[in-house]
Structure formats: structure tokens, C-alpha cells
There are 2 protein chains.
Amino acid sequence: MSEESPVRYLSLLYRYFQIYLSEELLPYHIGKGQALFLLFLYRFEGVTQDEMACYLHIDKSTAARALEKLKEAGYVKKVPKKDDLRSNQLFLTPQAWEIEPRLQEVLRRWSDILGTDMTEEEFALATGLLKKMTENAIDHIRDVKQIKTFPGSGMKVKGEGDQG
Amino acid sequence: MSEESPVRYLSLLYRYFQIYLSEELLPYHIGKGQALFLLFLYRFEGVTQDEMACYLHIDKSTAARALEKLKEAGYVKKVPKKDDLRSNQLFLTPQAWEIEPRLQEVLRRWSDILGTDMTEEEFALATGLLKKMTENAIDHIRDVKQIKTFPGSGMKVKGEGDQG
């Protein structure tokens with residue numbers, strides 16, 4: 001892969017984000033492997049474990065492990081679903097809602113770090129181009145690969161309304 | 001996190017890349033969890049398992065599992081290090097080198113997918129802005145967090161020569 005490939009930078013950015021996250025989430029006893037699930041629940045509280053694994057394209061056992069840790073840390077509770085007692089709906093505890101603003105702040109700071117020494121215009125341009133790339137990725141995964149994508153990914157894609 | 005945050009798009013892009021990779025690597029019996037290690041070895045063949053885990057900021061047991069799978073699939077061999085027989089150097093098999101061009105092609109195609117409907121100028125601009133973001137991330141992780149970063153990350157950072 002060329003040094004100048006966006007794929008290379010995207011991979012590096014992801015890895016550095018994971019390093020940043022693990023450090024920043026230490027005080028909250030949240031591992032970087034659990035952060036994704038917690039952030040997902042802030043948006044989609046009430047989903048079942050299997051629905052979550054499916055939407056995040058993560059295997060069920062990995063999702064189960066992460067959610068168990070979040071439960072032990074006191075952030076998530078599982079409630080049997082009314083019409084299907086075998087599956088559990090996932091809800092956030094008051095403790096999880098209490099730290100939400102701080103987690104959002106951690107994410108906002110990473111965004112600021114990435115934009116260091118950029119003008120406001122450059123930063124907006126970068127965000128717009130990343131949005132376009134994400135839409136292209138979604139189109140490919142959904143249309144070519146026929147794989148279910150995130151609900152409410154916050155983007156309009158090919159003639160569909162925003163489901164977010 | 002705002003819908004328009006680059007962090008949100010970067011996270012989505014990473015997840016969709018993982019989905020794409022798992023599908024594309026199926027014929028080679030390489031899981032998405034192993035791809036990173038294999039791609040790293042194409043660049044840094046001869047490192048030890050611990051060095052690799054350290055540079056990729058992945059815990060040793062996860063790295064060990066991924067490398068064991070790559071070994072079983074016939075892509076990686078472990079050779080005891082001459083001056084330290086307790087640690088193994090990692091080398092690629094001819095089979096791994098044989099598929100390298102095809103793996104690079106898989107990455108190049110993803111890059112093309114991301115750039116769908118972009119002009120050449122927009123794509124170059126996006127790549128440049130991602131490079132700048134990656135440099136900012138590296139600066140933060142290395143200087144603020146004092147954490148070791150990738151060798152040969154292919155970028156000049158704050159007065160240093162490119163180590164790649």
C-alpha cells in the first residue's frame with residue numbers, strides 16, 4: 001500500500017484513537033474494547049445483545065464479554081424482553097448517564113487534537129470529505145456486499161431518508 | 001458526539017473497512033484480526049512477537065493468538081532469535097509473499113471505493129488532510145502521552161527524520 005494511501009492513515013488514526021481512549025477511560029474502568037458498546041447504547045438504549053452484535057458486526061461472544069464487563073463495572077443492566085424472555089434488552093444505569101458528558105468530552109478533545117494547526121475551513125473540509133468517504137463505504141457494504149449497515153448512521157444514502 | 005465529528009466518521013470508516021476486509025480475505029483463510037499482523041510483517045519482517053505487540057499496542061496474548069492462526073494457515077514461521085533463544089523472530093513464508101500483491105490490491109480497491117465520485121483533487125486533498133490528522137495524533141500520543149509510536153510510520157514528525 002502506498003505511503004500516501006488514505007487507507008493507511010485511516011488505520012493509523014484508528015490505532016492511535018484506541019491508545020488515546022484506553023488512557024482516557026482508565027479512571028472510569030472502561031476498556032477500549034467496551035467503549036464502542038457503551039457509546040452505541042447512549043444512542044440506541046434498549047436494543048438486545050444480539051441486535052447490537054449484529055449492527056456493530058461483532059461476533060456475539062465478543063459482544064457478550066464486553067457487555068458483561070460493562071455490567072460488572074455498573075454501567076449496563078440487562079432486562080428480559082417482554083415478548084421474548086430469552087433475550088435481554090440493554091439499558092444504561094444512572095452511573096452510565098452520569099459519565100456521558102465526560103465521555104463526549106473525551107471524544108471532542110480527540111477531535112480537537114486531530115485538528116491541531118488546521119484552520120476552521122480545513123477542518124470543516126476534512127470532516128466533509130470523511131463524511132463522503134463514509135457514505136461511499138456504506139454504499140459499497142450495503143449495496144455491493146448486501147450487508148446490513150448501522151441504523152441511524154446519521155447519513156442519507158442513495159435515495160433513502162436519514163434513519164438517525 | 002456531534003453527527004459532524006470527524007471522530008464519528010473515522011470510527012464508522014474503520015468498522016466498514018473491517019467488514020470489507022473479512023469478506024475479501026475469506027479466500028485466503030485470514031481473519032480480520034490477523035490481517036493487521038500480516039500487513040505489519042510485510043513491512044517489518046524479522047521482528048519478535050513481543051516487539052510487534054508493543055509497536056501495534058496490542059496485548060501479547062492477542063498478538064500470540066493471531067500469530068498462531070497465521071502460522072497454522074501457513075503464512076508465518078517463528079525462528080528462535082540467535083542471541084536470545086527464548087524469543088522468536090517472525091518471518092513470512094513463500095505462501096505469504098505469494099499473496100502479497102493480492103492483499104495490496106484489496107487495500108487499493110478499498111481506497112478506490114472510498115474515493116468514489118470524488119475528483120482527483122478532492123481525493124488528494126482528503127489524503128493530505130488525513131495525513132495531517134495522523135501527524136497530529138502521533139504528536140499527541142508520543143509527546144503528550146509519552147507512548148512509543150510505530151517505527152517507520154512514513155511521516156516526518158516535529159523535527160525528526162522519517163524513520164521508515
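Worth saying up front: this structure is predicted, and the values here are computed from it rather than measured.
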How about residues 83-90 of chain A versus chain B: which residues have heavy atoms under 4.5 Å apart?
none
Measure distances from B:F123 to the heavy atoms of chain A and classify the residue's part below 4.5 Å as side chain, backbone, both or neither.
side chain
Any pair counted as salt bridge (Lys or Arg N to Asp or Glu O under 4.0 Å), so long as it reaches residues 30-41 of chain B, sequence neighbours left out
none
Kindly compute the distance separating OG1 (A:T127) from CZ (B:R8), expressed to the nearest 0.5 Å.
13.0 Å
Once ring-ring contact (aromatic ring centres under 6.0 Å, His included) is applied, do any residues pair with A:F91, and if so which ones, sequence neighbours excluded?
none
Distance, nearest 0.5 Å, that separates OH of B:Y9 from CE of A:M133:
13.5 Å
Stepwise side chain to side chain contact (heavy atoms under 4.5 Å, CB included) test for A:L129 and B:L130
CA-CA 10 Å; A:L129 289 165; B:L130 282 171; over 6 Å; no
Heavy-atom count around A:K78 NZ within 6.0 Å, excluding the residue itself: above 12?
yes
CG of B:L36 to OG of A:S11: how many Å apart, nearest 0.5 Å?
8.0 Å
Contact part of A:F17 toward chain B, heavy-atom cut-off under 4.5 Å: side chain, backbone, both or neither?
side chain
Surrounding NZ of A:K60 (heavy atoms of other residues, nucleotides or ligands, distance under 6.0 Å), is the total greater than 12?
no
Among residues 114-122 of chain B, residues within the sub-4.5 Å heavy-atom range of chain A, in order of number, are B:L114, B:G115, B:T116, B:D117, B:M118, B:E122
Rounded distance [0.5 Å steps], CG in A:L12 versus CD in B:E135
11.0 Å
Between A:L103 and chain B, with a heavy-atom cut-off of 4.5 Å, which part of the residue counts as in contact: side chain, backbone, both or neither?
neither
Which bit of B:L10 comes within less than 4.5 Å of chain A, counting heavy atoms only: side chain, backbone, both or neither?
side chain
Scanning both residues in full, the closest heavy-atom pair of B:I141 with A:Y16 reads CD1-O, 3.7 Å
Hey, quick one: are B:V79 and B:L67 part of the same hydrophobic cluster, counting side-chain heavy atoms closer than 4.5 Å, chains of contacts allowed?
no
Does the plane of the ring in A:Y14 sit parallel, tilted or perpendicular to the ring in B:Y14? Use 30° and 60° as the thresholds.
parallel
Atom of B:A137, atom of A:L13 and distance for their closest heavy-atom approach
CB-CD2, 4.1 Å
How long is the straight-line distance from CG of A:L56 back to CD of B:Q18, given to the nearest 0.5 Å?
12.5 Å
